[in-house]
Amino acid sequence: MMKSSRHDDATTSALTRRTLVKAGLAAALMPGLAKAATTRKAPASPSAPADVLVLGAGLSGLNAGLLLEEQGFRVTVLEGRSRVGGRVYSLTDIPGQPDAGGAVIAPGYARLLDRAGQFGVPLRPLASPVDKNGPMAIHVSGQTIPAAQWAGSPLNPFPQGPLRAVPPYAVGMAALRTSPPVLQSVGDWREPAFADRDISIAEYLTAKGWTPEQLRLAFAVNPGYGNSATDLSVLMMWHLQENMRIMAADGSPVVQAVGGNARIPQAMAAALKTEVRFNQQVVGVRSDAAGVEAVTAEGQVHRARWLLCTLPASTARLVRFDPALPLLQQTAIDEITYNRTFQVFFEVAEPFWETDGLPASMWTDTSAGRLMPLGALAGGPALLLAYVNGFAADLLSRMPPEQAVARVQESITRIRPAAAGKLRVLHHVNWQDDPFAGGAYTCWRPGQIRAGFASAFDAPVGRIVFAGEHTARLARGMEGAMESGERAALQLMELI
Amino acid sequence: MNRLRLTLAAVLAASPASALLSQSQTAQPSPRTWLQCRACHTAKVGEANKVGPNLSKLFGARAGTLRANYSYSPALKASGIVWNDKTLDAWLANPAATVRGTRMAYPGLANPAERKALIAWLRKETR
């Protein structure tokens, strides 16, 4: 049993142990040996089956792929698009490369920051410039109200008290903040002990005396999550509060990758030993005792021993799994909901806010959504982003794109006539209609966490392991994707 | 001999064969569990803090005092914990339950043998 060299000793010991545990070890060792001989990036070969087929070259798939390759496993990453990054998407055709998805890296986004550091992607603070015309103004029911005057406005539906002075874009979270917090650990939201709290915000706050008018303003106008107080779980919001406390870390500023956050998944993909295979839209996954096959829309078949599905639920529901997934997983895939976002990026020919004296940023209940200046980020011409969420984004999605973009622009110039003739449309992004996304990020409906949709993908199903932002246990957004990829890679290392 | 075998088994339980192969040059390969730690932490003397602090000279130190250039959560600083095998075992099993209000976003390592192996590795690595 004991061999002379350390190398042999480790190998033999590992062999002995693993053989006792499960069969198939020799095959598991092979990738490690094969990897040692490979120094140059190999073009993906459809004829050589990989250990793991990864569906999706977003952050979760790339992070899992890197971890698996590092441990000696052979990975093939299939991507439906012709680019990596998924919902991390930087508009490289616009000066300053603003991000249309995955825009903000919080100081606690450890895995994402670590990969950026590892691959030398420079970061810069994403601080909002101070606006001499004041903080984000409020435009509701046809009236523009400076933030400082909101507490005194007759349009403010909140009674005298602490919430009346809070601007409507912050009042929802403020109302749900309790002392002590409902959740005191980032993992608690999935615990059965909190399952009975998985009710709608409307149900929770109505019991506390909230009116439908208050609920609408706080949760249905430019909602950061969901569409209204009725279709979002209050438990998710408490999870977000605890998550934000952790992700704020020591309070350092949020950052963005220089050149856009997509530089990070691009650098991750470049570090993979095997090239990502693009334009591989998987429509079917077949598995049996021997392995897994993924079939693309064009009929190409990719084989591997295991499959990691990182597709968002909104995309995974377009894939046929054979054999069919268990009911819980399929129901979760079918029903998990995503935030709607419709964004229009404008070039600002002349800073019209200097003419009308209003803050450049504005929170509106119109098809303009939230107006946010991006000029300080760009370093080039001033940009204005109209960021529309919820049912207002639905309305725009139902129009032909040119008409929708025109509607946004008309809304801006109606609110601010000084903007007329000063805005030029550069780009619009509609995540809801994106064939490979179907929405921006997971928003749990009331009862979905209790039903087990959030934890449905913790364990593998046969030869399929799941990852993606919707499967994250602690983090959300980009860091949630990274976390899920790490978790999935560790699971696969045990399985293979 | 029995003890040696146990230790070996504990290390192997947390180490992929391929990692042992590829890292056979280094004195002690990191256990696979370290993959979950290393995005936030470095272990060796002189390495930089990440989102979490560098862990060198961890054993025997009071929680929240180790790195002057790291901003620990108030909860951890007030915990009174002194890091040793026992306190680390409880912490790694469930950080949030051990110190309410910690900012360490880690759900915990459920397997006691994996915790033991990780702690044993940390003890050497952070010297």
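A, B, ... follow the sequence lines: proteins, then strands. Residue 1 opens every chain.
- When the salt bridge (Lys or Arg N to Asp or Glu O under 4.0 Å) test is applied to Arg67(B), no partner is found at least two apart in sequence or on another chain.
- Annotation: maximal heavy-atom pairing with chain B below 4.5 Å, among Gln184(A), Glu242(A), Arg115(A), occurs at Gln184(A).
- Contact annotation for Tyr106(B): only backbone heavy atoms (N, CA, C, O) come within less than 4.5 Å of a heavy atom of chain A.
- With a 4.5 angstrom heavy-atom cutoff, Asp188(A) touches chain B only via side-chain atoms.
- Heavy-atom pairs under 4.5 Å with chain A were tallied for Gly108(B), Ala96(B), Gly101(B); the largest tally goes to Gly101(B).
- Within the 4.5 Å cutoff, side-chain heavy atoms of Asp85(B) are placed close to those of Arg123(B).
- Scored by the ring-ring contact (aromatic ring centres under 6.0 Å, His included) test, Phe194(A) finds no partners at all (sequence neighbours excluded).
- Looking at Thr102(B), the atoms closer than 4.5 Å to chain A (heavy atoms on both sides) all sit in the backbone: N, CA, C or O.
- A salt bridge links Asp458(A) with Arg190(A): the distance from a Lys NZ or Arg NE/NH1/NH2 to an Asp or Glu carboxylate oxygen falls below 4.0 Å.
- Using a cutoff of 4.0 Å between basic side-chain nitrogens and carboxylate oxygens, Arg32(B) and Glu494(A) are scored as salt-bridged.
- With sequence neighbours excluded, no residue satisfies salt bridge (Lys or Arg N to Asp or Glu O under 4.0 Å) with Arg473(A).
- Using a 4.5 Å cut-off between heavy atoms, Arg245(A) contacts chain B through both its backbone and its side chain.
- Chain B forms more heavy-atom pairs under 4.5 Å with one residue of Ala110(A), Pro181(A), Ala475(A) than with any other, namely Ala110(A).
- A parallel orientation is assigned to the rings of His239(A) and Trp189(A), their planes being inclined by less than 30° (bins at 30° and 60°).
- Residues Asn49(B) and Asn69(B) form a side-chain contact, since some pair of their non-hydrogen atoms from C-beta on lies under 4.5 Å apart.
- For residues 34-43 of chain B, heavy-atom neighbours of chain A at less than 4.5 Å comprise Leu35(B), Gln36(B), Arg38(B), Ala39(B), Cys40(B), sorted by residue number.
- Here Lys116(B) does not pair with Asp89(B) in a salt bridge; the nearest charged N to carboxylate O distance is not below 4.0 Å.
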